[in-house]
Amino acid sequence: MNKTDLIIIGAGPGGYRAAEYAAKQGLKVTIFEGAEVGGTCLNVGCIPTKTYVHSQTFEEARERMTAVVAQLRQGVEGILSHPNITLVREKAAFVDAHTVNDYTADHIIIATGSETKWLPIEGARTDPRVVDSTGLLNLETLPKRLTIIGAGVIGMEFASVFNRFGSEVTVIEYLKECLPALDSDIAKRLRKLLEKRGIIFKMKTAVENFSDIDADCILMATGRKPRVQTDFSNAGIEYDERKGVAVDENFKTTVDGVYAIGDVNGRQMLAHAAEMQAVRAVNHILGKTDGIRFDIMPAAIFTEPEAACVGSTEDQLKEQGIAYQCRKSFWRANGKALAMNETEGMLKLFSNPNGRILGCHAFGAHAADIIQEVAVLMNCSSTIQQLRDMIHIHPTLGEILLSAAD
């Protein structure tokens with residue numbers, strides 16, 4: 001039996017970040033990965049999708065995806081070559097609460113990620129036209145007609161991309177509006193813009209079978225679920241097939257010394273959330289405190305144009321009975337946006353009666369960069385007045401935020 005300080009299961013964004021940080025703090029780390037390092041995000045998720053977003057043709061996208069993924073994967077391999085890190089290229093399984101395969105440690109971090117949530121429809125796994133996001137990225141030819149089930153982040157990004165590539169795209173969504181995490185006003189305006197570009201949306205529509213769908217390819221984009229393993233029970237870890245592994249505010253499971261970070265705990269299924277949860281878990285192991293605010297979690301949707309958000313939506317503020325003010329600004333009134341010929345876009349900035357910023361939702365060119373500024377302001381409990389007093393470079397898209405404050 002091999003003894004180490006920390007065992008990590010999974011080398012995705014959460015896992016390799018935990019390994020890197022722990023190793024730099026002097027811990028001896030053993031990390032298990034049965035597939036390619038980098039996890040879903042790097043290999044079949046965020047990064048490949050973004051190469052599609054920033055490519056003009058399907059052929060260019062496929063070529064660039066292969067090169068970009070290979071380069072970044074090599075970078076992760078470099079991170080895991082730290083002298084304090086041992087990378088074990090095999091699937092990990094709990095033997096007991098502190099033993100994984102033939103390694104034992106006082107502390108273990110589970111970072112097994114998530115997997116596609118398939119609708120329970122006959123043919124979902126057998127109809128050759130039906131694929132998940134991984135399958136869509138593996139297509140060698142551009143589908144003439146693409147139907148996407150689900151208007152969440154994955155569905156909307158691929159709808160935007162394949163529409164630009166030349167596919168006839170139809171999106172089917174059970175809810176009344178796309179992108180439920182986004183302010184409904186922003187989401188509706190973005191959907192209407194994509195409709196003008198030829199994407200067909202069928203909202204408030206349920207899919208009961210695939211025989212009525214006239215498409216060359218059907219993308220199952222109905223979300224993801226935590227990738228839990230039955231061997232977790234060998235360690236006495238409490239988990240749910242749908243909700244994931246139960247954790248506390250330090251991402252510690254019900255078993256002392258065992259943590260679960262990233263998608264597997266079902267809290268915030270974002271790569272950057274996994275990375276910061278990794279830092280918190282390692283800090284707790286080391287007895288350190290930090291000021292990470294997990295209640296302030298920015299997110300982006302890389303459609304064309306992109307959308308992004310941080311904090312509450314207007315609907316949520318109303319439902320919770322929170323007093324607020326809403327300020328709006330538009331890309332069409334911004335000099336840089338006009339110069340870039342990127343005039344489609346709107347921003348909504350929310351604050352309480354004392355001016356403290358509660359959130360911001362937007363769509364438009366580089367919306368994610370603007371929302372990141374708001375996330376920083378919120379972490380500092382900044383007010384609208386303080387934002388007004390901050391000098392912004394001219395001409396920049398950042399002035400759109402300043403205009404909203406004014």
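Source: prediction; values computed, not measured.
From Ile148, atom CD1 reaches atom OG of Ser133 across 11.0 Å, with rounding to the nearest 0.5 Å. Going from atom CE of Met156 over to atom CG of Leu194 covers 5.0 Å, rounded to the nearest 0.5 Å.
Using the six-membered ring where Trp is involved, Phe162 and Phe58 have ring planes that are tilted, between 30° and 60° apart. Between His107 and Tyr259, the ring planes lie tilted relative to each other; the angle falls in the 30° to 60° range.
Among the candidates Val131, Ile149, Thr170, the single residue satisfying the side-chain contact (heavy atoms from CB on, under 4.5 Å) test with Ile218 is Ile149.
Within a 6.0 Å sphere centred on CD of Glu90, heavy atoms belonging to other residues, nucleotides or ligands number more than 12. Environment of NZ in Lys50: crowded, with over 12 heavy atoms of neighbouring residues, nucleotides or ligands closer than 6.0 Å. A 6.0 Å sphere centred on NZ of Lys196 holds no more than 12 heavy atoms belonging to other residues, nucleotides or ligands. In the displayed structure, Glu195 atom CD is contacted under 6.0 Å by more than 12 heavy atoms of other residues, nucleotides or ligands. No more than 12 heavy atoms of other residues, nucleotides or ligands sit less than 6.0 Å from atom CG of Asp256. The environment of CD in Glu63 is sparse: at most 12 heavy-atom neighbours from other residues, nucleotides or ligands sit within 6.0 Å.
Between the side chains of Glu157 and Tyr52, no donor-acceptor pair of N or O atoms lies under 3.5 Å. Donor-acceptor pairing under 3.5 Å is recorded for the side chains of Arg388 and Gln385.
Using a 4.5 Å cut-off on side-chain heavy atoms (C-beta onward), Arg73 and Val37 make contact.
By the side chain to side chain contact (heavy atoms under 4.5 Å, CB included) test, Glu304 is found to be paired with Ser160, Arg164, Arg197, residues two or more places apart in sequence or in another chain being considered.
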